[in-house]
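These notes concern the structure reproduced below.
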Amino acid sequence: MERDIEKQLKVILQGTEDVLLLDELKEKLRESIDKKKPLRVKLGLDPTAPDIHLGHTVVLNKLRQFQDLGHKAILIIGDYTARIGDPSGRSTIRPRLSAGEIKENAKTYMEQAFKILDPERTEIVENSRWLGSLKLEDILSLTSKFTVARMLEREDFKKRFQGNIPITLMEFLYPIMQAYDSVAIKADVELGGTDQRFNLLMGRELQKEFSQPPQTAITMPILVGIDGVEKMSKSLGNYIGVTEPPEEIFGKIMSIPDNIMIDYYKLLTRLSNEEIKKIECEIKEGKLNPSIAKRNLAKIIIENLYNKDDAEKAEQTFNRIFKQKKAPDEVKECVLSGKDIKDGKIWIVKLLVDSGLADSNSQARRLIEQGAVKVGEDKIENPNLELNIEDIDQKIIQKGKRHFRKILIQR
RNA sequence: GGAGGAGUUCCCGAGUGGUCAAAGGGAGCAGACUGUAAAUCUGCCGGCGUAGGCCUUCGGAGGUUCGAAUCCUCCCUCCUCCA
């Protein structure tokens, strides 16, 4: 029994930032094992954007681990809360979304979340189910349980308040609604990023008000984006989407700064602490080449989202392009038709723009001047060059290291 | 309701009558190098033109002026303070 608890704990605690409270969690596990009753583990996702990225998967992975330990995952689609917008970590008010947008987003969210979760052991609920039917009376009753001072204890609210940056009353309501979700589904555990700490704690408090045992709050570190600086987010453009093609993911992982690699290992793979420590040490001692470690990381991540084959292929493509400096097997095609061809010739600048390799003539010209353009094996140096279409049919045109187009002439 | 402040090129941000397509930083792209699309260094970074040059841009619309991102008028948006 004790060993069982320890075993589960080890998995659960992997990579976590904080557990409130750990002793409570142990008790819950004990009871769960004792009565063979799985824990109800809550994760709320607000469908505020159509795609999920690796940042979201940190917490999804944790939920998956709970599932693998036999617990029940309860995924709350925050279709109602999305309309308010979580103020966590924000310095400004969020733009509000329409019901239609939210519905669309929720759909893709689900599909993508199941790249990680086991659908068999997941319960999905939309929080509009209970939040939507609350009456003003109910809301008054809920809000009466919390004080303004308590709200302002929260770091981001405090900062905004002190910095004279507006906070709407609606935003104050957000944590309360999220807390109410926990009451509604009787959560034993709630997962979230560290920025969710306050919201998770509110859940505990509200559950107590409703005479429920308070949920254990487990927070996961926030994943830093591929720029290595800001947190991963779509709006900052430093993200890797879970639906991106394997080759793209591979490349993006290879482009993360070395110094965040270990964090990625910790948060995006299910390797044990020991295994990760080992990798870290070997890199430090010079036994393991960081680029190899990064390759492995990329493969593990792709394997989780796709499968082993795709991971292998992605690596091969990468090798082809960067090691052998060759075009990949599959190259986007660019079909040229009559209108840009004059007397059987086409201007190189035009070709670059038409194929989408350059945004404008000026840019294309600059690229050529910088020696970034190749047609077939030949580097192009003259921006005024006119190419015979006979010579370039089926050839590959390349911009920089990694952008290729195969030319097809349509007659 | 009253008073004040702000809106600049993808983002941040400098710029208060000509030398402004607009400093600086970031992002992006390219080149060199490498262990990688890391790091570092260098270049490019509104559009059109082979080029001289031309065109469009500084919240919007007008106006003053030989000339405006910069001055004036009106409008729009955002923010702060007082109530």
Side-chain angles (χ1 to χ4, degrees), chain A residues 90-96 159-168 224-240 244-265 279-280 282-302 311 314-328 342 345 347-350 352-353 355-374 379-386 397-405:
Chain A
R90 295 192 62 103
S91 54
T92 52
I93 302 168
R94 272 179 185 270
R96 296 188 64 186
K159 272 206 193 111
R160 282 164 68 177
F161 187 66
Q162 287 172 347
N164 290 330
I165 298 161
I167 305 169
T168 63
V224 65
I226 56 176
D227 57 356
V229 185
E230 305 277 1
K231 77 170 193 178
M232 184 174 283
S233 91
K234 182 147 194 183
S235 52
L236 293 172
N238 59 357
Y239 69 102
I240 301 178
E244 289 185 47
E247 302 77 48
E248 196 62 24
I249 297 178
F250 197 97
K252 282 190 177 178
I253 292 291
M254 290 309 280
S255 80
I256 63 170
D258 288 358
N259 60 24
I260 64 168
M261 195 160 62
I262 292 300
D263 282 341
Y264 271 43
Y265 262 108
I279 294 170
E280 195 174 6
E282 287 187 348
I283 291 176
K284 231 176 244 160
E285 292 163 8
K287 280 190 207 154
L288 177 63
N289 188 320
S291 81
I292 305 259
K294 217 184 270 184
R295 277 160 186 275
N296 292 337
L297 172 66
K299 279 195 281 186
I300 295 171
I301 291 170
I302 296 167
E315 185 179 28
Q316 279 163 22
T317 301
F318 185 86
N319 285 345
R320 222 179 132 74
I321 299 176
F322 296 103
K323 279 248 154 108
Q324 304 163 25
K325 299 191 196 279
K326 281 188 196 153
K342 249 194 232 149
K345 290 186 168 191
W347 180 27
I348 179 67
V349 166
K350 195 105 199 154
L352 284 166
V353 175
S355 60
L357 291 174
D359 293 332
S360 67
N361 290 2
S362 312
Q363 198 195 28
R365 210 186 305 267
R366 281 184 221 116
L367 287 166
I368 294 167
E369 280 160 11
Q370 292 183 99
V373 177
K374 267 169 134 184
K379 191 180 212 174
I380 305 294
E381 274 154 2
N382 173 12
N384 299 323
L385 189 68
E386 303 264 345
I397 176 166
Q398 176 178 5
K399 177 204 112 181
K401 291 193 186 77
R402 48 187 272 259
H403 299 280
F404 306 87
R405 289 289 183 283

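Chain A is the first sequence line, chain B the second, and so forth, proteins listed ahead of strands; every chain is numbered from 1.
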With no hydrogens and no angle check, is any side-chain donor or acceptor of A/Gln398 less than 3.5 Å from a backbone partner on A/Gly400?
yes
Atom CG of A/Asp227 and atom P of B/G28 are separated, to the nearest Å, by 8 Å
Name the nucleic acid region contacted by A/Asp258, choosing base, sugar-phosphate or nothing; use a 4.0 angstrom heavy-atom cut-off, strictly under.
base
Taking the side chain of A/Lys294 as its heavy atoms from C-beta onward, which of B/G35, B/C29, B/A38 lies nearest to it?
B/A38
B/A22 and B/C58, which share atom name C1', separated by this distance in whole Å
8 Å
Using a 3.5 Å limit on both distances, find every run of at least three consecutive Watson-Crick or G-U pairs that involves RNA chain B.
B:1-7 with B:76-82, B:10-12 with B:24-26, B:28-32 with B:40-44, B:46-48 with B:53-55, B:59-63 with B:71-75
Cation-pi geometry met for A/Lys252 and A/Tyr239 (6.0 Å, 45°):
yes
Side chain of A/Ser360: nearest nucleotide among B/U50, B/A30, B/G47?
B/G47
Euclidean distance, atom CE of residue A/Met261 to atom C1' of B/A39 [Å, nearest integer]:
13 Å
Exam field: side chain A/Lys284 to backbone A/Ile279, donor-acceptor pair closer than 3.5 Å:
no
Euclidean distance, atom NZ of residue A/Lys401 to atom P of B/C33 [Å, nearest integer]
10 Å
Integer-rounded Å distance: B/A30 C1' and A/Leu352 CG:
13 Å
Checking all strands, does A/Pro257 fall into the base, sugar-phosphate, or nothing category for heavy-atom contacts under 4.0 angstrom?
sugar-phosphate
Can you tell me if the side-chain N/O atoms of A/Ser255 get under 4.0 Å from OP1 or OP2 in B/A38?
no
Figure out the CD/C1' separation between A/Gln370 and B/C29, and round it to whole Å.
8 Å
Is there a side-chain contact between A/Glu230 and A/Val224, using heavy atoms and a 4.5 Å cut-off?
no
Earlier contact from the 5' end, RNA chain B, for A/Lys399 and A/Asn361:
A/Lys399
B/U64 and B/C76: how far apart are their C1' atoms, nearest whole angstrom?
23 Å
B/C71 and B/A21: how far apart are their C1' atoms, nearest whole angstrom?
22 Å
Looking only at atom P, what distance separates B/C72 and B/G7, rounded to whole Å?
14 Å
Counting only N and O atoms by type, is there a donor-acceptor contact under 3.5 Å from the side chain of A/Tyr265 to the main-chain atoms of A/Ala293?
yes
Could you give the CG-to-P distance, from A/Leu367 to B/G43, as a whole number of Å?
17 Å
Quick one: list whatever passes ring pair (Phe, Tyr, Trp, His ring centres under 6.0 Å) with A/Phe318, sequence neighbours left out.
A/Phe250, A/Phe322
Whole-Å distance, A/Ile256 CD1 to B/A39 C1', equals 13 Å
Counting only side-chain N and O atoms of A/Arg365, is one of them less than 4.0 Å from OP1 or OP2 of B/G49?
yes
Select from A/Val349 and A/Ala372 the residue whose nearest nucleotide in RNA chain B is closer to the 5' end of that strand.
A/Ala372
Rounded distance in Å - OH (A/Tyr239) to P (B/A27)
18 Å
Please give the distance between the C1' atoms of B/U57 and B/G52 as a whole number of Å.
23 Å
To check you understand the geometry: which heavy-atom pair defines the closest contact between A/Pro257 and A/Asp227, and what is its length?
CG-O, 3.9 Å
List for me each residue that meets salt bridge (Lys or Arg N to Asp or Glu O under 4.0 Å) alongside A/Arg295, sequence neighbours excluded, and say none if there are none.
A/Glu315
Taking the same atom, C1', in B/A23 and in B/U8, what whole-Å distance lies between them?
12 Å
Proximity to the side chain of A/Arg366 - top-ranked nucleotide from B/A37, B/C45, B/U50:
B/C45
As a test of reading the structure: which of B/U50, B/A37, B/G35 is closest to the side chain of A/Trp347, going by heavy atoms?
B/U50
May I ask you to say what A/Ile321 touches in the nucleic acid, namely base, sugar-phosphate or nothing, with a heavy-atom cut-off under 4.0 Å?
nothing
Mind checking A/Gly400 for me? I need base, sugar-phosphate or nothing, with any heavy atom below 4.0 Å counting as a touch.
sugar-phosphate
Strictly distance-based, threshold 3.5 Å: is any side-chain N or O of A/Glu248 a donor or acceptor partner for the main-chain N or O of A/Glu244?
no
When the P atoms of B/C48 and B/C10 are compared, how many Å lie between them, rounded to an integer?
15 Å
Checking all strands, does A/Phe318 fall into the base, sugar-phosphate, or nothing category for heavy-atom contacts under 4.0 angstrom?
base
In whole Å, what separates the C1' atom of B/C41 from that of B/G59?
40 Å
